[in-house]
Peer 1: 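I have a structure I would like to understand better, so I am pasting it below and will then ask my questions one at a time.
Here the structure is a predicted model, which is why all the values come from computation and not from measurement.
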Amino acid sequence: MTKTVTQIMQEVGKKPATFEEYLQLYAQPVGDLVNSYIPKGEHPDMETYLYGPLTKYSENGGKRHRPLICFAACAAVGGNMDLAMSAAAAIEHFHTAALIHDDIADDAKTRRGKPCMHLVEGLGLSVNMGDLGLYLVNGTVVNDESLDPMVRLRVISELLDMTCSTIEGQALDIGWARDGRYDITPEDYLCMARHKTAFYSGGVPLAVGAIVGGASEETVEGLRKFGLDTGLAFQIQDDLLNLVGEEESVKKDFRSDITEAKRTLVMVHCLQHSTPENRQRLIDILNAKTEDAALLEEAVQIMQASGSIEYARNYTRTLTEEAKARLVDILPPSEARDVLLSMADYFINRLK
């Protein structure tokens, strides 16, 4: 029988001092909880070609911060975290689906240190497994009879809006790349990243946790705004690590954002603030889709020279400090609030 999140935390029996410790203590058992929502098929080959590979992929699921912050938000408003299990699992399965489809769209090679799903299982089966992940987004909540019907309906509405926002952001990201658009502004990037990443990595997990926990509308919206801002900072930090992260530098996909000509905050700022010669040189490197280490390093040096890397770092710091100040105003002191405040710092200080 699957353990509840309350049972998991009781068994661990240790109060995390930081968000990083929170992830370290609970990522594995919460990952098991998330995967318990993946169903079984009536034919054994459904396990071979669908449920088994998706489960294996999800088991290499990273830090599980999305379900964990959903639980933290629920606890921070005085709610029962066990009632948030299906919603938290749904958001994590959406993350799995988004990664599978994103890697296909980008023709990516590795994910979390392993070959991408479409390279292992083939394109057709991988698209299908991503589609199953999307089914699980609402399927898990629809079948959760522990939730009040009106709460269940509202959570489903949040998940549908989250899905649409992510698809909108992905359309901008893919479309700009397809059309070779280098006229993108930092404001354009922030709109894209907010839709593609911040809603499902921060805003919706926190809002849904607060909704299930019975919070007021003001508190739900305050947590949503905190999640959107910290989720955006999380994405910008991801982009920075891909360019200059020391631990990332030993991985095969280091600086893959340059190879894939990703429109990141650093890149679009650099294109606006470089000399004409450096701007054209950066565009030439991006158009080459190169994996040559020397050319990738040259691109980073151009970004350094324009002040774009420092600009992105400063942007995340300001965003995070303002978000933390607002959170203190809307939530009473608690261990869960401390976890969320620590999360904001972790998102911009993490090394991988």
Peer 1: Can you give me the closest heavy-atom contact between S306 and M303, atom names plus distance?
Peer 2: OG-O, 3.0 Å

Peer 1: For side-chain hydrogen bond (donor to acceptor under 3.5 Å, both in side chains), just list the numbers for E11 and Q7, CA-CA rounded to whole Å, side-chain angles, deciding distance to a tenth of an Å, and then say yes or no.
Peer 2: CA-CA 6 Å; E11 287 186 5; Q7 289 171 333; over 6 Å; no

Peer 1: Please report, to 0.1 Å, the donor-acceptor pairs under 3.5 Å made by any side chain of residues 66-91, with sequence neighbours excluded.
Peer 2:
| unit_1 | atom_1 | unit_2 | atom_2 | d |
| --- | --- | --- | --- | --- |
| R66 | NE | S201 | OG | 3.1 |
| R66 | NH1 | H95 | NE2 | 3.3 |
| R66 | NH2 | S201 | OG | 2.8 |
| N80 | OD1 | D82 | N | 3.0 |
| D82 | OD1 | V5 | N | 3.4 |
| D82 | OD1 | T6 | N | 3.0 |
| D82 | OD1 | T6 | OG1 | 2.8 |
| D82 | OD2 | T6 | OG1 | 3.1 |
| S86 | OG | D144 | OD2 | 2.6 |

Peer 1: Going from CD1 on I302 to CG on L271, what distance comes out if it is rounded to the nearest 0.5 angstrom?
Peer 2: 9.5 Å

Peer 1: Rounded to the nearest 0.5 Å, how far does CG of L327 lie from OG1 of T219?
Peer 2: 10.0 Å

Peer 1: Spell out, as yes or no, whether a donor-acceptor pair under 3.5 Å connects the side chain of S157 to the backbone of L153.
Peer 2: no

Peer 1: If I take atom CD from residue E321 and atom OG1 from residue T316, how far apart are they, to the nearest 0.5 angstrom?
Peer 2: 10.0 Å

Peer 1: Using distance alone, with no hydrogens and no angle criterion, decide if S342 and D345 have a side-chain donor and acceptor under 3.5 Å apart.
Peer 2: no

Peer 1: Which pair of heavy atoms, one from R281 and one from L295, lies closest together, and at what distance?
Peer 2: NH2-CD2, 3.4 Å

Peer 1: Can you see whether F199 has R224 sitting over its ring - NZ or CZ less than 6.0 Å from the centre and within 45° of the normal?
Peer 2: no

Peer 1: Within the 3.5 Å criterion, strictly below it, is a donor on N314 or R317 matched to an acceptor on the partner's side chain?
Peer 2: yes

Peer 1: So D102 and K196, salt bridge (charged side-chain N to carboxylate O under 4.0 Å, His left out) or not? Walk me through it.
Peer 2: CA-CA 11 Å; D102 201 31; K196 180 178 176 179; 3.5 Å; yes

Peer 1: Test: side-chain hydrogen bond (donor to acceptor under 3.5 Å, both in side chains). Region: residues 35-53. Which pairs qualify, not counting sequence neighbours?
Peer 2: N35-S58

Peer 1: Which atoms form the tightest heavy-atom contact between F254 and L241, and what is the distance?
Peer 2: CE1-O, 3.7 Å

Peer 1: Going by ring-ring contact (aromatic ring centres under 6.0 Å, His included), name the pairs with one or both residues in residues 122-155, residues two or more places apart or in two chains.
Peer 2: none

Peer 1: Are T290 and T259 packed together at the side-chain level, in the sense that at least one heavy-atom pair is separated by less than 4.5 angstrom?
Peer 2: no

Peer 1: If you apply the rule side-chain hydrogen bond (donor to acceptor under 3.5 Å, both in side chains), what do you find for H118 with S126, and how did you get there?
Peer 2: CA-CA 5 Å; H118 62 279; S126 297; 5.6 Å; no

Peer 1: Atom OH in Y22, atom NZ in K15: separation rounded to 0.5 Å?
Peer 2: 11.0 Å

Peer 1: Any side-chain heavy atom of N60 within less than 4.5 Å of one from R111?
Peer 2: no

Peer 1: Between H195 and C191, is there a side-chain heavy-atom distance shorter than 4.5 Å?
Peer 2: yes

Peer 1: Strictly distance-based, threshold 3.5 Å: is any side-chain N or O of R255 a donor or acceptor partner for the main-chain N or O of V300?
Peer 2: no

Peer 1: Which heavy-atom pair separates A105 from Q170 by the least distance, and what is that distance?
Peer 2: CB-NE2, 4.3 Å

Peer 1: Do the ring centers of F234 and H65 come within less than 6.0 Å of each other?
Peer 2: yes

Peer 1: Any chance you could measure M343, atom CE, to T320, atom OG1, to the nearest 0.5 Å?
Peer 2: 9.0 Å

Peer 1: Are the side chains of D229 and R326 in touch, meaning some heavy atoms are under 4.5 Å apart?
Peer 2: yes

Peer 1: Should the ring pair H273 and H269 be called parallel, tilted or perpendicular, given that the plane angle runs from 0 to 90° and is split at 30 and 60?
Peer 2: parallel

Peer 1: So do the side chains of Y311 and P186 get within less than 4.5 Å of each other, counting heavy atoms only?
Peer 2: yes

Peer 1: Does K56 form a salt bridge (charged side-chain N to carboxylate O under 4.0 Å, His left out) with E59? I'd like the steps, not just the answer.
Peer 2: CA-CA 5 Å; K56 184 178 179 181; E59 285 172 347; over 6 Å; no

Peer 1: When you look at Q235 and Y189, which way does the side-chain contact (heavy atoms from CB on, under 4.5 Å) test go after all the steps?
Peer 2: CA-CA 11 Å; Q235 180 59 57; Y189 166 84; 3.6 Å; yes

